[in-house]
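We name chains A, B, ... by the order of the sequence lines, and we start the count at 1 in each one. Keep in mind the model is a prediction, meaning the values are calculated, not measured.
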Amino acid sequence: MKITGKRLRPLFGAIAIVGAASVVLAGCSSSSSTSPTKSAAAGDKTAIISTNGSEPQNPLIPSNTTETGGGKIVTSIFEGLVSYDAKGGTVNEVAKSIKSTDQQNWDITLNSGWKFTDGTAVTAESFTKAWNWAAQFSNAQSGGYFYSNFKGFSATKDSDLDLTVVSPTEFKVALSAPQADFPLSLGYSAFYPLPDSFYKDTKAFGEDPIGNGPYKLANATAWTHNTGINLVTNSDYQGKRKPVNGGLNIKFYTTTEAAYADVQSGNLDILDAVPAADFANYKSDFPNTNANQAAAIFQSMTIPGYLAHFKEDKEGKLRRQAISLAINRAQVTKVIFQGTRTPAKDFTSPTIDGYSANVKGSDVLDYNKKEAKKLWAEADAISPYTGTFTISYNADGDHKTWVDAVANSISNTLGIKAQGKSYPIFSALLADESAHKMTGAFRSGWQADYPSLYDFLAPLYGTGQGSNYGQYSSKEFDDYMTEGSAKSTVAEANKVYQKAQALLFKDLPAIPLWYSNVTGVWSTKVNNVQFGWDSVPLYYEVSKN
Amino acid sequence: MAWYAGRRLLQLIPVFFGATFLIYFMVFALPGDPVAALYGDKQPSPEVIAQVRAQFNLDKPFIVQYLIWIGHVFQGNLGTTYSGIPVIDQLKQAFPITFRLSMLALLFEAVAGILVGLVSGLRRGRIFDNSALVVSLLLISVPTFVIGFLLQYFFGVKWGLFATTVSAAASWRELALPAIVLATVSFAYIVRLTRSSVAETMNADFVRTATAKGLKRREVIYVHILRNSLVPVVTYLGVDIGSLMVGAIVTEGIFNIQGVGGTVYRAIQLGQGPTVVSFVAVMVIIFMLANLLVDLLYALLDPRIRYAK
């Protein structure tokens, strides 16, 4: 899921963009008394749970919903072949089995009995037609890139994917290269099935979507733009995410500060993003009903390989390592983010199956002044460094505070001039990144679309990949990605991906900084609030007294 | 008078074209590509981006884009955002809420501001006057968002007297607290403006004459002093209608009101030209009409000011 969608949620001050942080005004709210949590009662099966959200960027078509505002809704009203549990494991839903002998040609069989909320059955065609539509060039879907590994996919013209319907409950998928974690990806919204009514009027569908998920829209006008959306439970739902409540009222907020005030006053049940201004006091405001845990969001600083002195040669690698060693991650996450970031130990995220904090070479992430100075001096012996080391960031994302802190840490340790360089808005920064016109390091981040190590590595560091803005290119790394994808199990593949990470620790195309945490608070009226691997609460599990 | 009003209304036309042209140019000159912003970190192929750009005429020169937009406006079509929502729907949703919010704020600042200012002006140097001056200075110097957060915290969260945020329905009751926040700064200015204006008028010859004629104090105050002191205040209120609607952005953010401020802010962030320009065009018209209203009120307040031939 792209990380920029979150940028849209708040208006000013603490913008909750991933990796953003600020210690803006110290919140004016002091601790308010909350009644002690009641013991979890059975809960009211018809109770509506209210939660925060933001206006979806696009109409509610799953393959065009790649930001968090719309994502929260789409994952509630649709069910894919698999779903993800709290720990990021996959659970079969519409799929009975997903099998392959070569990791390239997949045979998918479906459970029967699944229905869309308009009464039509969920068949193999509901998937194949939807996937083909999503992948078409002329439909320009933001999730279209998910099909780039499908045989028949074209990024420049309309063309059909190689999908074969065997029977109403079975279809085959041919990929252009093996992909061991393919079943892991199938829970993502780009792979949801669509009913026939979608193709008759896609525009109307986007306003009033018909799904097969645990929830459905309360009525045809349930989505009030900029204000919120009302969902009720789908009584025909066949899957494992069976709701124990009556529905969801997702209220859209322009600022998380306003949402926080609403939870405090009892107007909102769950908030999944505590505003930066309340980092210092949310634990005392909500003593028993708060969460702060690492999420599948990786934050880094990319140093493009085309910069002088930072190429992928001996000098460049020494300098990259020196800079990494010069950053005091523990201090920055504690002081600036007040413990709402977790210092990075690798290039992925602790919420992903296969994560390891002990990848070979990860000691380059430790703060080590002496070693940093030594390596920098070694690099200077090869070719002396003059000039200013800059870290670019977008000013609309509240990055200034930590960028300044990191720049300070670097200049104090290495004795060079380091400073932040701001771009007014994210798309301006992105434009220079895409054009390879950066003159220094720049902030970067990644939120996984699906819980897989591969999704944190290949798109960012693979040669020529769309999100490889640092222009890193290593045949060894590319080979590891190919090798891992051909393995017969995800566990086998993960072993190869760890070797790839060890390589990244030597080359450091990006310098890992920290993982973003999900911080949430909820009212004492609701029970069993648990955050998923993707930092969205598992709403179907929440009960209300 | 009617001729004057008509002429003023005709002036709207060039102002409309000029303002929209300038705004369109400025949005066009914003850094970054609105289509790229739609997709974020994971960019689709350049071909897909080119296709979407062409669909919204973003590949054409600025002047052509502007002419296409204005052409559509005359056909009653304000276009859609890049994510497909008709701009007219955004207008219909945002303007009524912000309009009601600003009218409530205007009412509050006008009634309370003039009243406090009048009493202050009549009793210069006394306790009431001095405390009014201190309070108004405080209100002017404390930023709106501080006042907003404080009122929201105490009246909404802590004491539960008002709603902490405004719902979609935006009832008058819910809008009361944000309107007070929105009105605070202008309220302070109006108190000071009315006070000095009243103080000045009190020394005018016609007031002395009126008092000498033996008119009742009440009559002197309301008919002679207040009416003549209101000219600068009314000017300020007229201009303030526009500023309130634009300035509501901070207040709307704090109270989660889906009004003009927030919509325009998001549209600028995303480079959504059609939305920004359409909203600004409507605001220009509101500004102009408010100013016209002020000019017409002048003639009523002060017979010496005559525009009609």
Chain B contact via Asn226(A) - which portion, at a heavy-atom distance below 4.5 Å
both
Test of ring centre spacing under 6.0 Å for Phe150(A) and Tyr147(A)
yes
Could you check if a side-chain atom of Phe162(B) sits within less than 4.5 angstrom of a side-chain atom of Glu174(B), using non-hydrogen atoms only?
no
Any donor-acceptor pair under 3.5 Å linking the side chain of Asp396(A) with the backbone of Phe426(A)?
yes
Asn52(A) to Ile250(A) - nearest heavy-atom pair and separation
O-CG2, 3.9 Å
Apply the test ring-ring contact (aromatic ring centres under 6.0 Å, His included) to residues Tyr393(A) and Phe442(A): give CA-CA distance (whole Å), side-chain angles for both, the deciding distance (0.1 Å), then the verdict.
CA-CA 6 Å; Tyr393(A) 62 94; Phe442(A) 54 89; over 10 Å; no
With chain B as the partner, which of Ala431(A), Gly228(A), Ser138(A), Pro424(A) has the greatest number of non-hydrogen pairs under 4.5 Å?
Ser138(A)
With a 4.5 angstrom heavy-atom cut-off, could you sort out which part of Val52(B) is near chain A: side chain, backbone, both or neither?
side chain
The interface call for Gln141(A) against chain B, heavy-atom contacts under 4.5 Å, is backbone
Using non-hydrogen atoms only, which part of Pro59(A) is less than 4.5 Å away from chain B: side chain, backbone, both, or neither?
both
Under 4.5 Å, heavy atom to heavy atom: which of residues 85-93 of chain B reach chain A? Give them by number, or say none.
Ile85(B), Gln93(B)
For Phe279(B), enumerate each residue passing the ring-ring contact (aromatic ring centres under 6.0 Å, His included) test, keeping only those at least two apart in sequence or located in another chain.
Phe95(B)
Paired with Thr251(B), the side chain to side chain contact (heavy atoms under 4.5 Å, CB included) test is passed by just one of Leu177(B), Ile180(B), Thr144(B), namely Thr144(B)
Around atom CZ of Phe99(B), are there more than 12 heavy atoms from other residues, nucleotides or ligands closer than 6.0 Å?
no
